[in-house]
Amino acid sequence: MSNYHIKHLEEYYQIYRKSIREPENFWEEVAEEHFLWRKKWDKVLSWDFAKPEIKWFEGAKLNITENCIDRHLVTRGEKTAILFEPNNPDEPAQHITYQQLFERVNKMANVLKSQGIKKGDRVCIYVPMIPELAIAILACARIGAIHSVVFAGFSATALLTRINDSDCKMVITSDGSYRGAKTIDLKGIVDEALESCPGIEKVLVVKRTGGNITMKEGRDMWLQPLLDEASKQCPAEIMDAEDPLFILYTSGSTGQPKGMVHTTAGYMVYTAYSFKNAFQYRENDVYWCTADIGWITGHSYIIYGPLANGATTVLFEGVPSYPDFGRFWEIIDKHKVNQFYTAPTAIRALAKQGSEMVEKFDLSSIKVLGSVGEPINEEAWHWYNDNVGKKKSPIIDTWWQTETGAIMITPIPFVTPTKPTYATLPFIGVQPAIVNEAGEELKGNQVEGRLCIKFPWPSMARTIWRNHKRYKETYFSTYKNMYFTGDGALRDEVGYYRITGRVDDVIIVSGHNLGTAPIEDAINEHPAVAESAIVGFPHDIKGTALYAFVTLKDAGESRIHENLRKEINQLITERIGPIAKLDKIQFTAGLPKTRSGKIMRRILRKIAEKDTSNLGDISTLLNPECVKEIMDEAL
Ligand code: WTA
């Protein structure tokens, strides 16, 4: 295990330098030592960012579930793999051992096969945070089916767009889901979506809430009776290193969401290695990531990374505020959690409740705290450090993306001295570059610009599902021979990175990536709306919230604006989901546009941020007169 756990800063630099100078040797050693291969690779890496084409461990054969489950059975069969904490604190927690996980995944895999799923088929998983979600994911991986998990808070329209984009054959869902005091009719949402999904042949339904649902004859089946019949043995499909493992959708600045494709071997090696080092996970630690598995954080750091290390990973069904704002701390105390990974938006919401809620519980088990999803502001960082970590547990501010598959910039706890609001140093093997708008790399320290990555890393997404052109245009065309992240960043005097936020039209609300285009499309569907533009503005809890500028077809629209606002938000809830609701809607006579007709979001952003001292030159606009009116009426 020589190069698996990094112990001190000097060692970090040594390993980092090696990973940069000899990336192939470095990753080959990690891959050789720590994983189970059916056949080793012929070539560690081949790449060309111009095409772009990236291949890691070409020629290797493996199954990721043998690495996440089977190989642990001898030494960790009775160890808890998944520790399920239900939404309702009175419902007992479930400890699913590696042996039980093995059996449940194999049974599920056999059910999928018996329902016609084969290697390469796409299976949509729309299941809340219950063990069956993890089991369904692993069962797909077991038989080589490509899972496409859709966050169970998305609406029917968002679900159907994703199902159709990747031509899924099957949906796995549940009758309903629990979220705090609410029960959600998940199956009803699926039924609505499937009216427009001709490719779906089968729907498997997990029983969770016992709600009243309809089952469509010939299409819908309860999962449990099928599982009861299925065998506990399902041989793992032998996959090529570069076979797709999953598709996961993320928003872009324009157009439909992008189905990022992650492949098998490189994703496994890098998520496992980064999990172990970024969290300094030790055998018998209890690790908890509060993200939903519907996002990349859950894929990589609730399921694949922890399980590949034989870890105990907590899966929490509920929300931080139910039954009260002490729930997170209660769970940490109850299960003696050692590594806790959450998002700044949750930290801000909990901090708002004061420290009394935290003090009621014993958090002494905590060794490492993590943050992900958006920049963590200084106040939230200190609150987290003082009240949760009691100033003794390092906070790792981990920067990464759906596209990167795993953590890219992060302190290593007990190794890298932390600095509030800084993600600090690149993880092993990661070669960041800061470039200016002309695409020139800014070398040296104390520079600020756009964040790119100039060399491949094993867990990077390989393409956008059936749209390689868009993959190339979005990530590899802005700057030559570099992957462009869409984020701004600075490098300080000691070489630490600080992420300054998105430089494109993606807005991060409560740590969720929201592209402006689908939200604007939803607003524009309202019959009274002519046009709209969305920008972000600073918000106490959400980090960034959405501000819409909307022009109406009939400026003298008689309905009162309050009703219109409700109707617009209702449309957004239906088309995307409640996470995309607007906090502010300003009705305006016009939107500032360039002479070529492009909406000048930069100006709107400044107005929404209440930073209008320097709007820049607006005289070149097509309609400069509308700017003053918008400013005067800003909310
Ligand atoms: C933002 C989540 C600052 C960033 C894993 C990125 C962050 C986008 C951080 C990806 C962080 C994520 N500090 N910003 N520690 N982590 N981001 O695809 O803008 O949901 O590009 O992946 O979130 O969001 P995604």
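Along the sequence shown, residues carry numbers from 1. Atoms within a ligand are numbered from 1 in the order they appear, just like the ligands themselves.
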Open item on the list: Can you tell me which residue among Asn513, Thr161, Asp165 is in a side chain to side chain donor-acceptor pair (under 3.5 Å) with Tyr249?
Closed with: Asp165

TODO: If a pair satisfies side chain to side chain donor-acceptor pair (under 3.5 Å) and one of its residues is in residues 408-418, list it, with sequence neighbours excluded.
DONE: none

Open item on the list: Going by side chain to side chain donor-acceptor pair (under 3.5 Å), name the pairs with one or both residues in residues 394-406, residues two or more places apart or in two chains.
Closed with: Tyr341-Thr398, Tyr341-Trp400, Trp399-Asp487, Gln401-Tyr483, Glu403-Tyr475

Open item on the list: Residues around ligand 1, heavy atom under 4.0 Å from any ligand atom, sorted by chain and number. Can you pull those?
Closed with: Ile296, Thr297, Val372, Gly373, Glu374, Pro375, Asp397, Thr398, Trp399, Trp400, Gln401, Thr402, Asp487, Ile499, Arg502, Ile508, Asn513

Task: Lys598, Arg602, Arg605 screened by salt bridge (Lys or Arg N to Asp or Glu O under 4.0 Å) with Asp505, the one that passes - done: Arg605

Task: Name of the residue among Glu374, Glu379, Glu378 meeting salt bridge (Lys or Arg N to Asp or Glu O under 4.0 Å) with Arg348 - done: Glu374

Side chains of residues 430-438: which donor-acceptor pairs under 3.5 Å do they make with residues two or more places apart or in other chains?
residue: Asn436; atom: OD1; partner: Ala438; partner atom: N; Å: 3.0
residue: Asn436; atom: OD1; partner: Gly439; partner atom: N; Å: 3.0
residue: Asn436; atom: OD1; partner: Glu440; partner atom: N; Å: 2.8
residue: Asn436; atom: ND2; partner: Glu440; partner atom: OE1; Å: 2.8

